[in-house]
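Since this is a predicted model, take the numbers as computed values, not measurements.
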Amino acid sequence: MDLKENIKTGKHAGFCYGVRRAVEMAESKAKEHKEVYTAGPIIHNKFVIEDQRTRGIIPCESALDVPDGSAVLIRAHGITKEEEELLKAKQCTIYDATCPNVLKIHRIVENESNNGRIVIIVGSKTHPEVLGIKSRAKVGYIAENEEELRDLLEKNSDSPVSVVAQTTLNKKLFVNFQKNLKNCFTNANFFDTICMATSDRQNEVREYADKYGSVVIIGDKASSNSRKLYEIASEYSDNVQFIENSKGLDITKIDFDKGVFLTAGASTPDLIIKEVNKKMENQIVAKEENFAELLEKSLKTLHTGDKVTGTVTQIKPTDIHVDLGVKQDGYIPMSELSDDPTFNVEENIKVGMEIECFVVRVNDVEGTIMLSKKRLDSQKNWEFVEKACEEKTPVEGVIVDQNKGGVVASVLGVRVFIPASQTGLPKDASFDSMMKTKHQILITEVNRAKRRVVGSIRALMVNARKEAEAKVWAEIAVGNQYEGTVKSFTSYGAFVDIGGVDGMVHISELSWNHIKHPSEVLTIGQKVNVFVIALDTEKKKISLGYRLASDNPWTKFIEKYAAGDVANVEIVKFMPFGAFAEVMPGVDGLIHISQIADKRIGKPEEVLKIGQKIDAKITEIDMENKKISLSIRALLEAVEAPVEEAADAE
């Protein structure tokens, strides 16, 4: 039995969607700006942070440390509202990499809070995600366990309460909280906001931890979701290791005969998971290797055409010496090393490295074996292309040539023809923009005898859009936030691509001010943040929102003014019964004709002019109908009253 089969890697191990999105966004913005800062570590993994630092992504502990005017990325866990305001005050260019699941909680908390409800967050009191969520509540508390949650619910039993959970909370615990407390506190609404990827990862640990002799959890010690995986695994197994990378793995504690279950937190990159897996596989190979096998290798006979693996022992100007583990000496002439004219021997060939070759000729008299690396590479590359065609697996290629019929890509040295109709470019478009660029290609035809290979870029673009569309429809819900791209305009709104699916932002949802056309607010190709306000899954229609509640002019007016205040207003329109005046952008009030002057007038125009700015008293605010009554006369009478009183006194 192959002991490698006893290593099971969790299906949901490693980067979740939110983490991958944040990491890729950081790298993209770093290329765009050369240097980008992060408000808080982008994710909880020190190895990723250090790697990103070399790419111009500079982590800051908080928004306070971000330089004024810089490009800044909000971390995947999100930040507090106060930190967001600070970044705006610093005039930073802000990119929001907050996990969509966390943004969803922000929206829930803001809505519940605006409806007068107290918010309780179940999670770690010091975790940045929890602090960011709490800052969205007008009245909010944090509970770390059932006892604290029960305490808070009892203290607020006479008030409406909404309970949300940190995305990485133990799903089983939160379900128990609801069972134990929901019937006792009927004033509380529970929202299950635990990330589905987190839940899947935790369920995997519960399923396999007691079935395998050893469990290995990979993740940064500061990562909340990784730590919870370790805690859950420890409930089911006595042999659990919590490590940050392969160096921390104690291989002596692994019982390969009973199997090992390997998983990783959401902030653990694939490379680290592979390194740990490789270390265990190498241990198995070392364990299974025995003297008889080594002896057999030393006595084996090689023949022309055999594929062999050897170790480079010496590099000479004319050839490379290779130890094949047999009695004859192997060598690769420089002419048989590579077909690539730019191939650099010093950079690519090192003493001690393993190398694969073809046996070209065996000379038993001289005791030598002539080898060729380039012939094996050529065969392997053709086999790779053929397999990619059979399995419909995309390959990466560089466009190296063009003709009237299309372009030619090089895939590991194999020339692949891509017809014009399959390039993804519009009909009759120039191919110049594609030259020397990398592309994912679907191989559609291979004929090695005729050395003919045909591929398509367009097919992958179509498939990618279908997959993206299916993913969006599988996950979409009212309230979800997306970064989209403006695709087109109509007279009644704008269509926005949210990752494979187009949604409509009605013109009324584009701005709090009246606009005549979407182009007054947006431009084609612009990246925008939108949120789902309505869905029709049968007709495949999505209604999106763009304007933010915090930008509502009426909200800003209520925050600034009250009945009885005096405002400097601008006359914008005349009616027979009075004049409309702009109190602040997007908010107008009515000055009734009887309130324009301290004498009777026939028309507003007799006293006022369009565009005139004048002080007026706010006499009434109709909150329900959002109407404001203004008076100029009230201010005039207030000025005249002291003069009349002085005359009466004389």
Can you give me every donor-acceptor pair (side chain of residues 575-592, partner residue at least two apart or in another chain, under 3.5 Å) with its distance?
residue: H592; atom: ND1; partner: S594; partner atom: N; Å: 3.1
residue: H592; atom: ND1; partner: S594; partner atom: OG; Å: 2.9

If you measure from the Lys or Arg side-chain nitrogens to the Asp or Glu carboxylate oxygens, is any gap between [X] and [Y] under 4.0 Å?
X	Y	answer
K125	E148	yes
K603	E606	no
E27	K31	no
K46	E50	no
R150	E147	no

Can you tell me if [X] has over 12 outside heavy atoms packed within less than 6.0 Å of its [atom1]?
X	atom1	value
N183	CG	no
Q526	CD	yes
K172	NZ	no
Y230	OH	no

Exercise. Knowing that exactly one of D192, T198, D200 qualifies, which makes a side-chain hydrogen bond (donor to acceptor under 3.5 Å, both in side chains) with K171?
Worked result: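 Only match with K171 under side-chain hydrogen bond (donor to acceptor under 3.5 Å, both in side chains): D192.
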Problem set entry | Given H77, E129, H127, the one that forms side-chain hydrogen bond (donor to acceptor under 3.5 Å, both in side chains) with T167 |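 Single side-chain hydrogen bond (donor to acceptor under 3.5 Å, both in side chains) partner of T167 among H77, E129, H127: E129.
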For this session: Using the side chain to side chain donor-acceptor pair (under 3.5 Å) rule, take N176 and E146 through it: C-alpha gap first, then chi angles, then the decisive distance, then the call.
Result: CA-CA 9 Å; N176 286 337; E146 184 176 344; over 6 Å; no
I want to check something: taking the side chain as every heavy atom from C-beta on, are [X] and [Y] in contact at a cut-off of under 4.5 Å?
X	Y	value
V163	L149	yes
V66	C92	yes
L73	I42	yes
N156	L153	no
Q52	V48	yes

Judged by atom type as modelled, is there a donor-acceptor pair below 3.5 Å linking the side chain of [X] to the main-chain atoms of [Y]?
X	Y	result
D96	I74	no
R53	I49	no
K29	Y37	no
E24	R21	no
T193	A165	yes
N187	S159	yes
T619	S629	yes
T38	P41	no
Q612	K609	yes
D68	Q91	no

Exercise. Do Y546 and H506 have their ring centres less than 6.0 Å from each other?
Worked result: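 No; H506 has its ring centre 6.0 Å or more from that of Y546.
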Assess, by modelled atom type and distance only, whether the side chains of [X] and [Y] contain a donor and an acceptor separated by less than 3.5 Å.
X	Y	answer
K527	T485	yes
N114	N111	no
H33	Y95	yes

For this session: Kindly indicate, with the supporting measurements, whether the criterion side-chain contact (heavy atoms from CB on, under 4.5 Å) is fulfilled by R117 and S162.
Result: CA-CA 6 Å; R117 301 184 71 86; S162 296; 2.8 Å; yes
Exercise. With under 30° as parallel and over 60° as perpendicular, where do the rings of F174 and F177 fit, or are they tilted in between?
Worked result: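 Answer is perpendicular, since the angle exceeds 60°.
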For this session: I would like to know whether L510 and I515 meet side-chain contact (heavy atoms from CB on, under 4.5 Å); could you show each step before the answer?
Result: CA-CA 8 Å; L510 286 172; I515 59 172; 4.0 Å; yes
For this session: Check the pair I558 / I621 against side-chain contact (heavy atoms from CB on, under 4.5 Å), numbers first and verdict last.
Result: CA-CA 9 Å; I558 295 302; I621 299 174; 4.2 Å; yes
For this session: Go through the steps for L630 and Q595 under the test side-chain contact (heavy atoms from CB on, under 4.5 Å), then give the verdict.
Result: CA-CA 8 Å; L630 303 171; Q595 298 299 312; over 6 Å; no
For this session: Please round to the nearest 0.5 Å and tell me the distance separating atom CZ of R201 and atom OG of S226.
Result: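 Answer for the CZ-OG pair, R201 versus S226, is 7.5 Å.
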Problem set entry | Partner set under salt bridge (charged side-chain N to carboxylate O under 4.0 Å, His left out) for R206, not counting sequence neighbours |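 Applying salt bridge (charged side-chain N to carboxylate O under 4.0 Å, His left out) to R206 gives none.
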Please tabulate, for the side chains in residues 535-542, all donor-acceptor contacts under 3.5 angstrom to protein atoms that are two or more places apart in sequence or on a different chain.
residue: D536; atom: OD1; partner: E538; partner atom: N; Å: 3.2
residue: D536; atom: OD1; partner: K539; partner atom: N; Å: 3.1

Problem set entry | Non-hydrogen atoms of V607 and A597 that approach each other most closely |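 Heavy-atom minimum between the residues: CG2-CB, 4.4 Å.
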Problem set entry | Minimal non-hydrogen separation, I596 against P604, with atom names |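 So the two residues come closest at CD1-CB, 3.7 Å.
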